[in-house]
Structures are given as C-alpha cells and as structure tokens.
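Each remark here refers to the structure printed beneath this line.
For reference, positions follow the sequence shown, starting with 1.
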Amino acid sequence: QVQLVESGGGSVQAGGSLRLSCAASGRSFSSYVMGWFRQAPGKERAFVADISPSGGSARYTDSVEGRFTISRDNAKNTVSLQMNNLEAEDTALYYCAAALLRATTARGYRYWGQGTQVIVSS
C-alpha cells in the first residue's frame, strides 16, 4: 500500500509559478507510475501528467505541455509538478496518484492523495 500527501498549492496571479510536491510512504515507490490529476468545480477529475517508474518518460495533457514539468526522486519517494505560466483555467484541486501501469484516466490509478488547491487569478 502507498500513502500520498500533496503540498505546495496556493494562490497565484496568472503568469506565475507554483511547485507541487507529493510525498509517498509505503513500499516500492520506484515500482509505481506516478501521476497528477486535477479537478475543477463541477468538472470531472482530469489527467495532467504522468511519469514512468524510472523517471525516464513523462507525458502531459495538451493544455499544460510546455508549461508544466513532472519529475520524481525515487531516493526520496517524492514526485513534483513544476507549473509555470499559470492560467486561470489551471485553477483546480490537484491530486497525486500512483498506479502499476501507465494510464490517463483516474480509474487507472489505485492510490490517491487528499489533494492540494491551486487558485490562479487573472
């Protein structure tokens, strides 16, 4: 089992940056695909980015490509999401999640954090 705790959310003006972090506890962190999802009010939870267990491969949803960067440190059991040039549309509750296989849907992930709020004002 894996426990996930996100941090780093907050309020920022459009064009600003935030860095989200997710600390994992439990066994075999380096065996898991790690993903970030977000959920805006009234909308479904949506894929943002994921990273392979080794950290060698990452992918992003189109709307954040070139602005967000996902990374992981398997020695520290952490995964991060650097968010630059933030837009009002990025406002959401951001979740860290873990899966054994890569997936872009929430149902593909088994373990979830509690979420961290990001608010971007225009």
Side-chain angles (χ1 to χ4, degrees):
Q1 190 165 350
V2 177
Q3 294 81 42
L4 303 172
V5 179
E6 302 96 335
S7 62
S11 296
V12 64
Q13 289 190 332
S17 299
L18 283 173
R19 185 177 180 86
L20 306 183
S21 295
C22 175
S25 60
R27 305 173 73 176
S28 303
F29 173 77
S30 61
S31 299
Y32 287 92
V33 173
M34 297 301 298
W36 285 97
F37 285 73
R38 64 187 180 185
Q39 188 167 17
K43 295 187 177 181
E44 294 186 352
R45 196 167 297 188
F47 173 80
V48 176
D50 73 353
I51 189 166
S52 63
S54 69
S57 175
R59 56 183 177 178
Y60 303 88
T61 193
D62 288 347
S63 62
V64 309
E65 183 80 51
R67 300 188 297 122
F68 291 11
T69 302
I70 188 172
S71 60
R72 68 189 296 162
D73 185 337
N74 285 343
K76 296 182 178 179
N77 282 11
T78 59
V79 60
S80 299
L81 186 68
Q82 177 67 42
M83 305 186 296
N84 298 328
N85 194 20
L86 283 160
E87 303 170 354
E89 292 73 22
D90 296 317
T91 294
L93 188 60
Y94 283 72
Y95 294 91
C96 171
L100 291 177
L101 298 174
R102 298 192 81 167
T104 57
T105 59
R107 64 188 296 178
Y109 285 76
R110 182 172 184 180
Y111 301 109
W112 292 85
Q114 82 289 349
T116 186
Q117 183 69 49
V118 171
I119 298 173
V120 184
S121 57
S122 57

Closest heavy-atom contact between Ile70 and Ala58? CG2-CB, 3.6 Å
Nearest non-hydrogen partners of Leu81 and Ala49, listed with the distance: CD1-CB, 4.4 Å
Do side-chain atoms of Gln114 reach the backbone of Val5 as a donor and acceptor pair under 3.5 angstrom? no
Test side-chain contact (heavy atoms from CB on, under 4.5 Å) on Trp112 and Cys96 and set out the steps. CA-CA 6 Å; Trp112 292 85; Cys96 171; over 6 Å; no
Is any side-chain heavy atom of Tyr109 closer than 4.5 Å to one of Val33? yes
Can you find a heavy atom in the side chain of Val79 that is under 4.5 Å from one in the side chain of Trp36? yes
Heavy atoms of Ala99 and Gly108 approach each other most closely as CB-O, 3.3 Å
Would you say the side-chain atoms of Glu6 pair up with the backbone N or O of Thr116, donor to acceptor, closer than 3.5 Å? no
Let me confirm one number: the CG-CD distance from Leu18 to Gln82, rounded to the nearest 0.5 Å. 8.5 Å
Side chain Gln117, main chain Ala92, donor-acceptor under 3.5 Å: yes
Is there a side-chain contact (heavy atoms from CB on, under 4.5 Å) between Arg19 and Ser80? Walk through the geometry before answering. CA-CA 7 Å; Arg19 185 177 180 86; Ser80 299; 3.5 Å; yes
Does Arg72 count as lying over the ring of Tyr32, i.e. NZ or CZ under 6.0 Å from the six-ring centre, within 45 degrees of the axis? no
State, to 0.1 Å, how close Ala98 and Met34 come at their nearest heavy-atom pair, and which atoms those are. CB-SD, 3.6 Å
Heavy-atom closest contact (Tyr95 atom, Leu93 atom, distance): OH-CD2, 2.8 Å
Closest heavy-atom pair, Asn84 versus Ser17, reported as atoms and distance to 0.1 Å, is OD1-OG, 3.0 Å
Distance-only, no hydrogens or angles: does the Thr78 side chain make a donor-acceptor pair with backbone N or O of Ala23 under 3.5 Å? no
So CZ of Arg45 and CZ of Arg107: to nearest 0.5 Å the spacing works out to 14.5 Å
Spell out, as yes or no, whether a donor-acceptor pair under 3.5 Å connects the side chain of Tyr60 to the backbone of Gly66. no
Only counting residues at least two apart or in another chain, list the ones meeting salt bridge (charged side-chain N to carboxylate O under 4.0 Å, His left out) with Arg59. Asp50
Is there a chain of hydrophobic side chains (I, L, V, M, F, W, Y, each step under 4.5 Å between heavy atoms) that links Val12 to Tyr94? yes
Would you say Asn74's side chain and Pro53's backbone share a donor-acceptor pair under 3.5 angstrom? yes
Is there a side-chain contact between Glu87 and Ser63 (heavy atoms, below 4.5 Å)? no
For Phe47, check ring pair (Phe, Tyr, Trp, His ring centres under 6.0 Å) against everything at least two apart and list the hits. Phe37
Applying salt bridge (Lys or Arg N to Asp or Glu O under 4.0 Å) as the test, list every pair that has at least one member in residues 89-98; sequence neighbours left out. Arg38-Asp90, Arg67-Asp90
